[in-house]
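Values below: every heavy atom of this structure, side chains too, minus hydrogens, waters and symmetry copies. Throughout, numbering of the chain's residues begins at 1 and tracks the sequence.
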Amino acid sequence: MAGLLFAALTPGTAQTVSQRTQLEVFRDSIALVHDSTALIAAEKRLIGHAAHEARDSAMTHLELGFIALRLGDVAGHKHFEDAGSEFQWVVDLQPTWPYGWFGLGLAELGTGDAAISVLRGLQAALGKDALTRSANDFARSAEVDPSFVRGLVELSNTALRQRINLRLGVALAALRRAASTPAGSNPEVLLARARVEREVGSADSARIAINALVARQPASPTVLLEESRVLFALGDASGGEAWYRGLEHADTAALALYRADLLFVLPDSVLRAFDAATGPARGALMRRFWTLRDDDELHARGERLAEHYRRLEYARRNYRLASTHRHYDIVERYRPPVADFDDRGVVYIRQGTPDARASLELPGVPFNESWVYHRGDQPDLLFHFVAREGVTDFRLIESALDILGYASAVRLESTGDIQGRDAPMVQNFLNRARGISVDSAAHLRQRFSDAAMSRTAEAILRSRQPLNPVYSKLLGSGRGSASGLESDERTLGSRSIRLGTSSDSWRRAYAAELPARASVIAAGGDSATPRLHLVYAIPAGALGNGDHAPRIRASVLALDGRKAASIDTIDTGYRLVSTPAGDQLVGMLVLPVSGGRYTARVAVETRRAGVTSDRDTLLVAPRHGSMPGLSDVVLGSRDVPLFWITADGDTTWVNPVEVFRSSEPMQLYFEVSGIARDSSYRVEMTVSRPGSHSFLHRLSGIFGSSGAALRLAFTQPPSRADFTTVHRELVLQKLSPGRYVLDVTVLAAGGERATRHQEFTVVR
């Protein structure tokens, strides 16, 4: 060690390969020293040597600079400034030597930015922050010697870490100049070039670099991760195989990269399992995670992982924070685990592209945005963001009116710009912002005497009208109803934050919505094998010119996420029929399953439009058991010619639009299992209006009004089989037009029961 610390390296006018090698050996040797006392002693001796014998030796000052850098790592921040002085001396003595500029870049990184956040922001805005200064120095090292590998790699890494004043163009130019030098084929340089080319949007060039690197290091987990990123950037979902191979063999450095990519999408429980897993078990965990999402949202295997990386790249380009030092207003409820992106980035990575956006630009109003995600029959996800500390730091807030901010209410209260009777209301708003109350913020626009504030509150509500009906209601509400509506709007925002920042989704998107109906019926099959019947109906008028047979996608998942059945096909077996709901394109497909509980989702698509159902819960009754089992109730009519033939030769009619004429009898079919052989059972059927099962409606039955429009009961005779089918006909003539619910209950001799419900509509 001592020999390395004090060896006299011969200076010269040009830095030789031998000198660079000796410097790298020197750096490696001091990297092993963790005792600051030994380093300080060595530094003093070198300073003495330089003062008496080698004052103008660039090599001696390089040694001193690298010792100071190591001291900065071991002993404290101030040594980085000493290192900067030494490397500046080298640059003055030998400006064409790359190591002097390289050392300056390292010293700038060690020195860092100002401790005061305001000054840090000013430094960044002026391009004087540590990352920009160091990137400039690394760029100069690559400029004076395009074959200098260390400078090229550090320049690239620093440019990729920058959040503003990006030097990616400088890094890319340096890497491309180096392509014709020996450094161009260096694995570290190839990896750096692939990353920078991909980051600037040159995915094809990145692929050339990564292919050259894969040929040299096909098993490197870091290389495999970058290969997958490049393929995903090219829209190639096959990058998933490289991604999984790299994950299974990831070392500590590669694993940190994987974890950073996954941090904003993995639930806490999965992240803990990820951290605990190793090798193939880690890969299997992630395969299950991403496969479940592919199957759940009706995507091909591997597409969801590729979509995640598309979202990551978009978030890095559009929502990356300029500074990771964040200070929160009281109304800014969400606190992300890592401050890489603003809150829009967090939501985007989890939920994807919003269905609609809204904003309001007015003098004195902070930058703001609202996003909505429509979710079919489920409530929308509605997010509000406000940026009070700059255009790159949007924070989630619960209500659109929180754009006005806690500070605005404080200003109104402190300046006396509120009528005396309104002071309690302002205090309620302040309390609500502190989480104490949820009094109506909508009253701000009605009760503040500050005219500008009233107009601003109203403008905010008007700008959000296209996103959700609650804003039109708030604008038209009086004082008596505004408080409840404002509470509803805030609850929607709070719920959206909770769900949107803890879940992820990727619903299939279509250029136009197809007004089709589709459902999965848990009925069919024989005494050994249950089946599901997928039925759909498309209004004939919804088909455009050039539309042909519809494409049907469906996935049926067990409750543990395992795929139980799926289909993705062009259905050429459809037929055009006249139904009570008009002319419809109808079809039916069959999926075999076993008994159990499942969830199912269906998509119906034409060339121009499509629709995806919400995920429905299915109960497939087992064919054998000790408790009564009941299939879904299948409703059909002979005037809608869609049917299947049961195992015993009977016809089961299906009406996928669930609309029936009162003049046409309804055909019913269901399956019963779990009844002891040679035992009879009772069937009870009730037709009633929706809502008749509510507590108030049941209470009215005590006084003689049951709410049932039709009742039917019968006893099914004993059977020698464990599984029986029931066909019945229900006359609808006594039913007035409207929506109804059919309840079917099977009661065994011992009192055990099973019940199913099915809704339908009656028309004249």
Side-chain angles (χ1 to χ4, degrees), residues 135 139 142 152-164 166-180 183-247 250 254 257-258 260-265 286 290 294 299-320 340-341 345 348-349 352-353 506 509:
L152 289 166
V153 172
E154 290 298 336
L155 169 61
S156 303
N157 292 341
T158 304
L160 290 168
R161 288 168 55 195
Q162 286 181 290
R163 297 175 181 271
I164 59 175
L166 302 184
R167 305 290 287 172
L168 287 171
V170 174
L172 184 58
L175 289 164
R176 289 178 175 176
R177 282 198 305 270
S180 59
S185 59
N186 181 279
E188 290 184 86
V189 174
L190 285 171
L191 180 60
R193 182 167 182 183
R195 287 173 171 169
V196 173
E197 294 276 13
R198 174 176 54 81
E199 191 70 21
V200 300
S202 300
D204 289 328
S205 297
R207 186 169 194 168
I208 294 172
I210 200 64
N211 285 347
L213 183 54
V214 169
R216 291 169 172 79
Q217 298 182 343
S220 166
T222 303
V223 172
L224 289 170
L225 174 58
E226 186 56 33
E227 180 187 16
S228 69
R229 288 169 169 171
V230 171
L231 290 173
F232 291 149
L234 289 165
D236 187 348
S238 68
E241 288 310 308
W243 192 87
Y244 287 113
R245 287 201 311 275
L247 179 61
L257 297 175
Y258 273 100
D261 287 351
L262 296 169
L263 185 61
F264 286 100
V265 71
M286 286 296 94
W290 292 116
D294 285 326
H299 296 289
R301 293 286 174 88
E303 287 187 350
R304 181 62 182 89
L305 176 59
E307 167 67 6
H308 174 65
Y309 274 88
R310 185 200 67 78
R311 294 181 184 182
L312 271 179
E313 288 303 310
Y314 187 90
R316 287 189 179 114
R317 295 175 193 276
N318 295 277
Y319 306 130
R320 198 172 186 187
D340 282 344
F341 309 99
Y348 188 90
I349 291 169
T353 304
W506 187 31

Self-check item: Which residues share a salt bridge (charged side-chain N to carboxylate O under 4.0 Å, His left out) with E197, sequence neighbours left out
Solution: R176, R193
Quiz prompt | Nearest heavy atoms of S228 and G239, plus distance in Å | solution = CB-O, 3.1 Å
Practice problem: Keeping the roles fixed (side chain from Y258, backbone from W243), state whether a donor-acceptor pair exists under 3.5 Å. | Solution: yes
Quiz prompt | Set of salt bridge (charged side-chain N to carboxylate O under 4.0 Å, His left out) partners for E199, sequence neighbours left out | solution = none
Practice problem: Using side chain to side chain donor-acceptor pair (under 3.5 Å) as the criterion, list what pairs up with D204, not counting sequence neighbours. | Solution: none
Self-check item: Non-hydrogen side-chain atoms of V153 and V189 separated by less than 4.5 Å
Solution: yes
Quiz item: Who are the side-chain contact (heavy atoms from CB on, under 4.5 Å) partners of T222, not counting sequence neighbours?
Solution: L191, R195, S220, A254, L257
Exercise. Write down the atom of A250, the atom of P221, and the distance for their closest heavy-atom approach.
Key: CA-CB, 3.7 Å
Quiz item: Which heavy atom in A142 sits nearest to a heavy atom in A174, and how many Å separate them?
Solution: CB-CB, 4.0 Å
Exercise. Could you tell me which residues satisfy side-chain contact (heavy atoms from CB on, under 4.5 Å) with A233, sequence neighbours excluded, listed by chain and number?
Key: R198, A203
Quiz item: Going from OG on S205 to CG on L172, what distance comes out if it is rounded to the nearest 0.5 angstrom?
Solution: 8.0 Å
Practice problem: Indicate the atoms forming the closest heavy-atom contact of R304 with D294, along with that distance. | Solution: N-OD1, 2.8 Å
Self-check item: Any side-chain heavy-atom pair of V230 and L234 under 4.5 Å
Solution: yes
Quiz item: What's the spacing between L231 CG and E227 CD if we round to 0.5 Å?
Solution: 5.5 Å
Quiz item: Rounded to the nearest 0.5 Å, how far does CG of L263 lie from CG of D340?
Solution: 8.0 Å
Self-check item: Set of side chain to side chain donor-acceptor pair (under 3.5 Å) partners for R311, sequence neighbours left out
Solution: E307
Exercise. Measure the CD-CG distance between E226 and L213 for me, rounded to the nearest 0.5 Å.
Key: 9.0 Å
Practice problem: Give a yes or no on whether the backbone of W506 and the side-chain of H299 come within a donor-acceptor separation of less than 3.5 Å. | Solution: yes
Practice problem: Can you sort out the partners of I208 under side-chain contact (heavy atoms from CB on, under 4.5 Å), two or more places apart, ordered by chain and number? | Solution: none
Quiz item: For the residue pair L190 and A209, what are the closest heavy atoms and their distance?
Solution: O-CB, 3.9 Å
Exercise. Might you point out which heavy atoms bring L224 and R245 nearest each other, and give the distance in Å?
Key: CD2-NH2, 3.5 Å
Quiz prompt | Euclidean distance, F341 CZ relative to L312 CG, rounded to 0.5 Å | solution = 5.5 Å
Quiz item: Can you name the side chain to side chain donor-acceptor pair (under 3.5 Å) partners of Y348, sequence neighbours left out?
Solution: R310, T353
Self-check item: Those residues that, when tested against R216, pass salt bridge (charged side-chain N to carboxylate O under 4.0 Å, His left out) (two or more places apart)
Solution: none
Quiz prompt | Sub-4.5 Å side-chain heavy-atom contact between D261 and L225 | solution = yes
Quiz item: Which pairs count as ring-ring contact (aromatic ring centres under 6.0 Å, His included) when at least one residue sits in residues 202-236, sequence neighbours excluded?
Solution: F232-Y309
Self-check item: Partners meeting salt bridge (charged side-chain N to carboxylate O under 4.0 Å, His left out) with E303 (sequence neighbours left out)
Solution: none
Self-check item: side chain to side chain donor-acceptor pair (under 3.5 Å) involving S202 - partner list, sequence neighbours excluded
Solution: none
